[in-house]
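Please read the structure below before turning to the comments.
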Amino acid sequence: MLLTNNTSFLLVFLVCAFPNLTLGQRHFDSGVSVDDSFKIPYPKSTQLRGVEFDFSTHRRLAEGSDNWPLTWAADGNQYSAWGDGGGFGGSNQDGRVKLGVARIIGDANNYRGQNVWGGKDAAYEAQFEGKSYGILSVDGILYMWVAGQPARHLESCRLAWSKDLGQHWETADWQFSRADSLSIPTFLNFGRDYAGARDEFIYSYFIHPTWGPEPTSTNNYGFDVHRPGQIYLARVHRNKIHSRMDYEFWAGSDNSHQPRWTHDLQLKRPVFEDSNGVGWNVSVSYSEPLGKYLLCTEHSATHVGNLGMFESPSPWGPWATVSYETGWGSREIEASTFFWSIPNRWVEPNGDFTMVFTGKNSNDSWNTVRGKFLFASAENASSTGSPAADSPLIKGIDWAPADTIKRAAAGSDNWPITWAKDGNLYAAYGDGRGFEPFVPDKLSLGIARITGGPIDFHGSNIRSSTAEASGNDVHGRKASGMLAVDDTLYMFVRNVNNSQLAWSQDYGVTWQWADWRFTTSFGSPTFLNFGQANTNSRDEYVYIYSSDSGSAYVPADRMVLARVPSAQIPVRTAYEFFVGIDERGQPTWSSEIENRGAVFEHPKRCYRSGISYDAALDRYFWCQVFPESSHPNGPRFQGGFGVFDAPEPWGPWTTCFFTNSWDVGPGETNSIPPKWISSDGLTIYLLFSGNDHFSVRQGTIKRR
């Protein structure tokens, strides 16, 4: 295109007058912006401080057709439902149907829509009318909630399903109705064909209707927000989705903050509330990279772009506000949107996404725009990607030069370690022959004693017929945690169908084994180490941490925590599991492992770790190795790790050191032995299995 002189002058003027202007890259930062007349319904998210959209990526198709909920089906494509238009290639008049179903083929950067059921040039005609704001693929079958519109708004909704990817549909002979205080449901979507679901249930969100079934007289478009706004949550086993009697509704939480469920509609309770109102539709999806459930709905008024976006660690909350806006996108598009969703198929590994939205007038169409979340710790998010905010007390850790690292026990890794009553350190090694002189045969589990300081340490192998084991990698028992309490050494061992406890009362020579194992989660447990023989312990409990996985080789989205009285460590029934933090800021515990909650979250990067207490600083230091590595032999030779600190064993955790690629391999596990922490708490030594050795490196903690 040729530019006229006037056009050229205008471009030059814009660039000179506004040096931060980027032509062709239009970003809209939608942090938690709030109109002064509105109060956000939930506290601001501590992880996500907002959303940024790049409207240069905005794409509009299927003009005249709206709604567009999506699901990711077994065939790899997405499927969506629309209303009052001809779908892709159609218009308000051309191919118009009240309800149609389309297939979306391709990734977020290169996709196309294809009408399947109803609409212009569709292979199959629509069989019935209505509107849908919820569609889901489970076990190769598409399910769709169909509301009885346009006549008698919100009067009823019923389930429909298709066994041939949208070509033909059947409907249930039962319904939910306005008399049940339920309207316009949507499904909670996970991954492809429901992969990655949290359990065997299917979840649906229903809006509490405060107007209808006749159209509202206060809105020209026949709809309005519901005020006060309330949303209910239902669940049903995935094998019983067709059975009305098997649906149960969220009825609040019990004293352990676990959800209660009821079949009695009179006992249901709102899982989400907004006194400013909620829209007449809602979308909810699970972001696997973030480990968060994302809910989008309107507030305060409809068809004007009043977007509320919220996140939660579970389908039932607690919710936190990510964004709460009026006139969403008004600097780039008409402020007339009313429905937004984040389809799982188009969520990137780092959490970036492509949003689908619709509205009235020019937005009465299929629309997509790229977005990314802004993390609460802006410095960490932009420079390191840490999941936790910066430490309020510690600025960082300076590591001594790499050539000062002391290494021993070549070929042996793991090295969980503890400080015993006799003044020595005791550790376990894996896949090697220990310290020189080496044991004759390679062991998957061996025991060692370490004497001396971090610079002049000396390691010696302890031969133990009751502990030693053979077998490479996952096929051999390996230790993941060591702890000395009084005269006893305790050891958690992994790779035994989760993990098992052992203990020794003669400093590692003979071991007894518990007659129980963890069979749920806790596949790589490690002990919190205090001082010598567990002196300086904060209370009468021993604390155990693990990734929330049954295997030490499968990274998890979160870390979990257990505690047990120090006098009852071998007693399985004495263990309690961290559930969460109550409204008073105190930890809650449950004897049932199924009730465990997250003590730390880092999607797909919660792996192996070591944790210890720095008495001089009165801080807990948690060293976490990340699973990724560019080296074929893993983090022993290349990778990243973080050191997180907290005032209590359960947090809140903040970042004092974080790297995705250290200057040397951080090891498969690393920790800070309390014996080697200086009296002022500022000089530490990291013990790690870097280069497949017993490796020790000095660090200096920098206080703020």
Side-chain angles (χ1 to χ4, degrees), residues 32 34 38-51 186 188 190 198-199 201 203-208 228-235 249-262 268-278 282-288 290-297 299 308-324 342 351 373 375-377 387-389 548 557-561 577-590 592 594-603 646 648 650-653:
V32 184
V34 185
F38 301 124
K39 180 180 179 181
I40 60 175
Y42 293 97
K44 294 181 180 180
S45 170
T46 58
Q47 179 178 348
L48 307 174
R49 66 179 175 87
V51 194
T186 193
L188 165 59
F190 287 93
R198 63 176 287 119
D199 49 38
F201 288 94
Y203 294 86
S204 297
Y205 295 80
F206 292 75
I207 295 166
H208 180 99
Q230 296 179 324
I231 297 175
Y232 301 107
L233 174 62
R235 74 174 187 177
F249 286 79
W250 189 79
S253 298
D254 62 20
N255 291 335
S256 297
H257 301 278
Q258 295 305 298
R260 294 193 302 259
W261 300 94
T262 180
K268 68 183 184 299
R269 295 290 182 268
V271 76
F272 179 95
E273 298 185 77
D274 186 353
S275 61
N276 299 318
V278 301
V282 63
S283 73
V284 188
S285 60
Y286 177 69
S287 173
E288 185 176 1
L290 301 179
K292 295 290 186 180
Y293 296 83
L294 303 173
L295 183 152
C296 299
T297 190
H299 65 85
M309 183 184 293
F310 307 88
E311 58 93 344
S312 169
S314 73
W316 44 84
W319 298 100
T321 304
V322 178
S323 182
Y324 201 77
I342 299 176
F373 288 104
F375 291 89
S377 176
D548 191 17
D557 294 335
R558 61 183 192 169
M559 295 289 196
V560 289
L561 168 64
F577 301 91
F578 176 80
V579 176
I581 302 296
D582 64 18
E583 62 276 3
R584 297 175 292 111
Q586 297 302 306
T588 58
W589 303 89
S590 172
E592 301 296 328
E594 290 76 13
N595 294 336
R596 69 193 182 280
V599 73
F600 186 93
E601 296 184 70
H602 196 183
E648 296 285 1
W650 42 85
W653 295 99

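What you see is a predicted model, and the numbers here were worked out from it, not measured in a lab.
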Next on the checklist: Using the rule given for ring pair (Phe, Tyr, Trp, His ring centres under 6.0 Å), can you reason through Phe206 versus Tyr232, listing the C-alpha separation, both sets of side-chain angles and the distance that settles it, and then say yes or no?
Outcome noted: CA-CA 5 Å; Phe206 292 75; Tyr232 301 107; 8.3 Å; no
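- Contact between Ala646 and Gly651 at its shortest, heavy atoms only, is CB-CA, 3.6 Å.
- Taking all atoms of both residues into account, the shortest heavy-atom contact from Leu48 to Ser45 is N-OG, 2.8 Å.
- Between the CD atom of Glu273 and the CD atom of Gln230 there is a distance of 5.0 Å, given to the nearest 0.5 Å.
- No donor-acceptor distance shorter than 3.5 angstrom exists from the side chain of Ser323 to the backbone of Gly50, with no hydrogens or angles considered.
- Using bins of under 30°, 30° to 60° and over 60° for the plane-to-plane angle, the ring pair Phe310/Phe272 lands in the perpendicular bin.
- Listed by chain and residue number, nothing satisfies the side-chain hydrogen bond (donor to acceptor under 3.5 Å, both in side chains) test with Thr186 (two or more places apart in sequence, or in another chain).
- Here Asp199 contributes atom CG and Glu594 contributes atom CD; the two are 12.5 Å apart, rounded to the nearest 0.5 Å.
- Annotation: salt bridge (Lys or Arg N to Asp or Glu O under 4.0 Å) contacts of Glu648 (sequence neighbours excluded): Arg538.
- Residues Leu290 and Glu311 fail the side-chain proximity criterion, which asks for heavy atoms closer than 4.5 Å.
- In terms of modelled atom types and a separation under 3.5 Å, the side chain of Ser275 and the main chain of Pro228 share no donor-acceptor contact.
- Judged by distance alone, the side chain of Asp582 and the main-chain N or O of Gln586 form a donor-acceptor pair under 3.5 Å.
- In this structure, the side chains of Leu295 and Val282 come closer than 4.5 Å at one or more pairs of heavy atoms.
- Formation of a donor-acceptor pair under 3.5 Å by the Ser285 side chain with backbone atoms of Ile342 is found in this model.
- Taking CZ of Phe600 as the reference point, atom CG of Leu561 lies at 13.5 Å (rounded to 0.5 Å).
- Side-chain contact between Met559 and Trp653 is absent, with no heavy atoms from C-beta onward closer than 4.5 Å.
- Closest of all the heavy-atom pairs between Ser287 and Leu294 is CB-CD1, 3.9 Å.
- Taken to the nearest 0.5 Å, the CG atom of Asn276 stands 7.0 Å off from the NE2 atom of His299.
- Tyr205 is linked by a ring-ring contact (aromatic ring centres under 6.0 Å, His included) to nothing, counting only residues two or more places apart in sequence or in another chain.
- A centroid separation of 6.0 Å or more is found between the aromatic rings of Phe577 and Trp589.
- Between the side chain of Arg260 and the backbone N or O of Ser253 there is at least one donor-acceptor pair closer than 3.5 Å.
- Note that the OH atom of Tyr293 and the CH2 atom of Trp319 stand 9.5 Å from one another [nearest 0.5 Å].
- Counting heavy atoms from C-beta outward, Pro315 and Arg198 have side chains that approach closer than 4.5 Å.
- Between atom CD of residue Glu288 and atom CZ of residue Phe190 there is a gap of 10.0 Å, rounded to the nearest 0.5 Å.
- With a 4.5 Å cut-off on side-chain heavy atoms, Arg558 and Arg596 count as touching.
- With a 4.5 Å cut-off on side-chain heavy atoms, Ser204 and Leu233 do not count as touching.
- The heavy-atom pair separating Phe373 from Gly351 by the smallest distance is CD1-O, 3.8 Å.
- Of all the heavy atoms in Ile581 and Pro587, the pair that sits closest is CD1-CA, 3.9 Å.
- For the pair Ser312 and Gly317, the tightest heavy-atom approach, listed with the atom from each and the gap, is OG-CA, 2.9 Å.
- Under the 30°/60° scheme for interplanar angles, the aromatic rings of Tyr203 and Trp261 are found to be tilted.
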